[in-house]
Amino acid sequence: MSSSDHKKNQRELLKLLKEETSYYEQLTKDFPKIKGYPNYEKAVTVRLACLLYGFDKLIPSEQLESDPTLEQGCLTASLMASIEVPIYWLKRDLLTAFLRTDLPKLIYGMKRVIRHGLLMLPNQQELISPDGEVVEWIQFSHFLAEDFENTIEISSKIQLDSQEKVDKLRWATMLSSGIIYSNVIGLEPGEDNKPISGDLTVNDIFKVTEQNTDVETETQFIQKVDNLILQTLLFLQTRPDDVVAEMPESKGLGQSPKGKQKLAPIWIGYRYQIQKERSLSDESLQQRQRQSAGWWRRGHWRRVPIGKREENLRDWRWIEPTWCEPN
């Protein structure tokens, strides 16, 4: 199926969903249009309504059991339709900084600050799929080990269970072409904690032609999304004051056509600005040769001691990336 055929089929399905079902209404959230970000209705509501319809009417349980990515996509659609999942807009500068920050192999001491959330990403950014599509949103969930003491029933078709009783992060995204990506990251408790790598999970639900199938490229992309979600949650754990609900400054965006007040976007990294500095005059010749354009000094996360020495407490600290400019 070509991309144009996919869009035509999606329009016809969307008309059916609006006129004859409640799926679209269940997923609708009345956010204003935000400059520099995807339209929520087109990027999230439309795609998940189509997926939810397929999940309820077309996809057998046996297919979900054999396709973990499709199952995660349907889980996202079910969650968004059945409970109030908070929506967050990630500031462009913060996303840029996260993509230039390294994470250690050991990730422990992560507190659950959000159980379920959906992250909206800016347009014209660098989180690009192997097929060249911009990732517009990512839905994520953070489950604690005790959540798996009993089976978590999301719907009649999806129940979450785990033989490994450990904290887990899961995420899923659906691109404009209909391709779904997802992953599950296990987080063991204790000082020796490290992520348990999930399987490569990519599902081409609409069979779009010319899809990239290189396993190494796909894996690198999934790891990049893993790092983004982990860093976002670490940022919220260490800088909770930098989450702000704020309407965009534009006339006519305060109310919907029906007169109802529009929802205020919740921003992560609302006050964040990229760190910049001038390069020193005694740097090497190789560094001077690239000074005309500037360069990035990468950031990283590390654990640092806090409180009294005898308490032996540690917390995460972000050493931010820096944009170095010629002197």
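As a basis for the values below, the full set of heavy atoms in this structure was taken, side chains included, without hydrogen atoms, waters or symmetry mates. Position 1 is the first residue of the sequence; numbering continues from there.
F31 has its ring centre less than 6.0 Å from the ring centre of W89. Aromatic rings from W137 and Y181 are positioned such that their centres are separated by 6.0 Å or more.
Linking ILVMFWY residues whenever their side-chain heavy atoms come closer than 4.5 Å, directly or via other members, leaves V134 and I179 in distinct clusters. Follow the hydrophobic side-chain contacts under 4.5 Å out from L99 and you never reach I128; the two are in separate clusters. Hydrophobic clustering of Ile, Leu, Val, Met, Phe, Trp and Tyr side chains at less than 4.5 Å, counting indirect connections, keeps L230 apart from I319. In this structure, W318 is not a member of the same hydrophobic cluster as V304, with clusters built from ILVMFWY side-chain heavy atoms closer than 4.5 Å.
Looking only at side-chain heavy atoms (C-beta outward), L27 and V46 stay at 4.5 Å or farther from each other. For the pair F221 and V135, the minimum side-chain heavy-atom distance is below 4.5 Å. By the 4.5 Å heavy-atom criterion applied to side chains, I87 and I266 are not counted as neighbours. Between I268 and V244 there is no side-chain heavy-atom pair separated by less than 4.5 Å. Residues R297 and E277 meet the side-chain proximity criterion, which asks for heavy atoms closer than 4.5 Å. For the pair K276 and E325, the minimum side-chain heavy-atom distance is below 4.5 Å. Side-chain atoms of Y272 and R239, non-hydrogen and from C-beta on, do get closer than 4.5 Å to each other. When side chains are defined from C-beta on, W301 counts as touching P104, because their heavy atoms get closer than 4.5 Å.
With Y24 as the fixed residue, the side chain to side chain contact (heavy atoms under 4.5 Å, CB included) test singles out one of L16, L52, T45: T45. Exactly one of T76, D67, L51 qualifies for a side chain to side chain contact (heavy atoms under 4.5 Å, CB included) with I180. That residue is L51.
Here the straight-line distance linking atom CD of Q231 with atom CZ of F98 works out to 5.5 Å at 0.5 Å rounding. Note that OG1 of T28 is 11.0 Å distant from CG of L48, once rounded to the nearest 0.5 Å. From Y270, atom OH reaches atom CG of L90 across 14.5 Å, with rounding to the nearest 0.5 Å. The distance from the CE atom of M110 to the CD1 atom of I185 is 8.5 Å, given to the nearest 0.5 Å. Here the CD-CG distance, from E136 to L175, works out to 8.0 Å after rounding to the nearest 0.5 Å. With rounding to the nearest 0.5 angstrom, the CG atom of L169 is 10.0 Å from the CG atom of N183.
For R92 (side chain) and Q124 (main-chain N/O), a donor-acceptor pair under 3.5 Å exists by modelled atom type. No side-chain donor-acceptor contact under 3.5 Å links T322 to the backbone of C324. No donor-acceptor pair under 3.5 Å is formed between the side chain of R100 and the backbone N or O of E320.
When all heavy atoms are compared, the tightest approach of Y37 to M120 is CE2-O, 4.1 Å. Across every non-hydrogen atom of A43 and P38, the tightest pair is CB-CB, 4.0 Å. The two residues V85 and L118 come nearest to each other via the heavy atoms CG1-N, 4.0 Å. For P326 against R278, the heavy-atom pair with the smallest separation is O-NH1, 2.8 Å. Here the shortest heavy-atom pairing between F55 and S78 reads CE2-OG, 3.1 Å. Between K168 and V184, the closest heavy-atom pair is CD-CG1, 4.0 Å.
Remark: R303 is positioned above the aromatic ring of W316, its terminal NZ or CZ atom under 6.0 angstrom from the ring centre and at most 45 degrees off the axis.
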Run the side-chain hydrogen bond (donor to acceptor under 3.5 Å, both in side chains) check on Q72 and R170 step by step: do they pass? CA-CA 8 Å; Q72 291 298 327; R170 60 156 294 277; 2.4 Å; yes
Derivation and outcome, ring pair (Phe, Tyr, Trp, His ring centres under 6.0 Å), residues F143 and W171: CA-CA 11 Å; F143 295 108; W171 61 263; over 10 Å; no
Side chain to side chain contact (heavy atoms under 4.5 Å, CB included) evaluation trace for T173 with Q139: CA-CA 6 Å; T173 185; Q139 193 276 313; over 6 Å; no
Worked verdict on L121 versus L119 for side chain to side chain contact (heavy atoms under 4.5 Å, CB included): CA-CA 6 Å; L121 304 179; L119 198 62; 4.0 Å; yes
Determine whether W267 and L94 satisfy the following criterion, side chain to side chain contact (heavy atoms under 4.5 Å, CB included), listing intermediate values before the conclusion. CA-CA 11 Å; W267 298 93; L94 188 57; over 6 Å; no
Worked check of salt bridge (charged side-chain N to carboxylate O under 4.0 Å, His left out) between E126 and K224: CA-CA 11 Å; E126 302 166 72; K224 186 178 289 189; over 6 Å; no
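Residues satisfying the salt bridge (charged side-chain N to carboxylate O under 4.0 Å, His left out) test with E133, not counting sequence neighbours, are none. Taking the salt bridge (charged side-chain N to carboxylate O under 4.0 Å, His left out) definition, one finds that D102 meets it with R298, sequence neighbours left out. Considering only residues two or more places apart in sequence or on other chains, L144 meets the side chain to side chain contact (heavy atoms under 4.5 Å, CB included) condition with R112, H142, E146, D147, D167. By the side chain to side chain contact (heavy atoms under 4.5 Å, CB included) test, Q220 is found to be paired with E216, residues two or more places apart in sequence or in another chain being considered.
Sorted by first and then second residue, the salt bridge (charged side-chain N to carboxylate O under 4.0 Å, His left out) pairs with a member in residues 78-89 read K29-E84; sequence neighbours excluded. Screening residues 36-45 for salt bridge (charged side-chain N to carboxylate O under 4.0 Å, His left out), with sequence neighbours left out, gives no hits.
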